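Let me begin by presenting the structure, written as structure tokens, before commenting on it.
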Amino acid sequence: MAAHLTFKEREAFSHRLRTSLKKAGIDPHRPTELQRAFCAMQAGSSLAISTVSKWLSGEALPANGNMEVVARICNVSPDWLRSGQEQSG
């Protein structure tokens, strides 16, 4: 998904993610905290630390299903987390 996004768009996603995590009480400098929260919310799933690190750095964005889980952890909408805009309609 992130392949078609510009560096600026990926950087903006990373900033929204880190800011939202901080507000949710999760340290954005510790990828294991997001990994644990994700796995706790998505019982039975596994998530590599390298994947979380890529999300936090803006190197990659979560796939749609994972974006929804991360957004729930952050208490924001998936659309806002992905693009910075709320989906209307």
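The analysis underlying the following values was restricted to heavy atoms, covering all of them including side chains, and did not include hydrogens, waters or symmetry mates. All values derive from a computational prediction rather than experimental measurement.
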Pairing donors with acceptors under 3.5 angstrom, does anything connect the side chains of S14 and R18?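 Their side chains do contain a donor-acceptor pair, which is all the 3.5 Å distance test asks for.
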
Sequence neighbours excluded and cut-off under 3.5 Å, please list the side-chain donor-acceptor pairs for residues 68-79, or say none.
residue : atom : partner : partner atom : Å
S77     : OG   : W80     : N            : 3.0
S77     : OG   : E86     : OE1          : 2.8
S77     : OG   : E86     : OE2          : 3.2
D79     : OD1  : R82     : NH1          : 3.3

Report, one line per pair, each donor and acceptor closer than 3.5 Å where one atom sits in a side chain of residues 21-44; sequence neighbours left out.
residue : atom : partner : partner atom : Å
D27     : OD1  : H29     : N            : 2.8
E33     : OE1  : D27     : N            : 2.9
Q35     : NE2  : L47     : O            : 2.5

Atom pair CD (E11) and CG (L5), whose distance is rounded to the nearest 0.5 Å: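 Interatomic distance, E11 CD to L5 CG, rounded to 0.5 Å: 12.5 Å.
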
What pair of heavy atoms forms the shortest contact from R10 to L61, and how long is it?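 Scanning both residues completely, I find the closest heavy atoms to be CG-CD1, 4.2 Å.
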
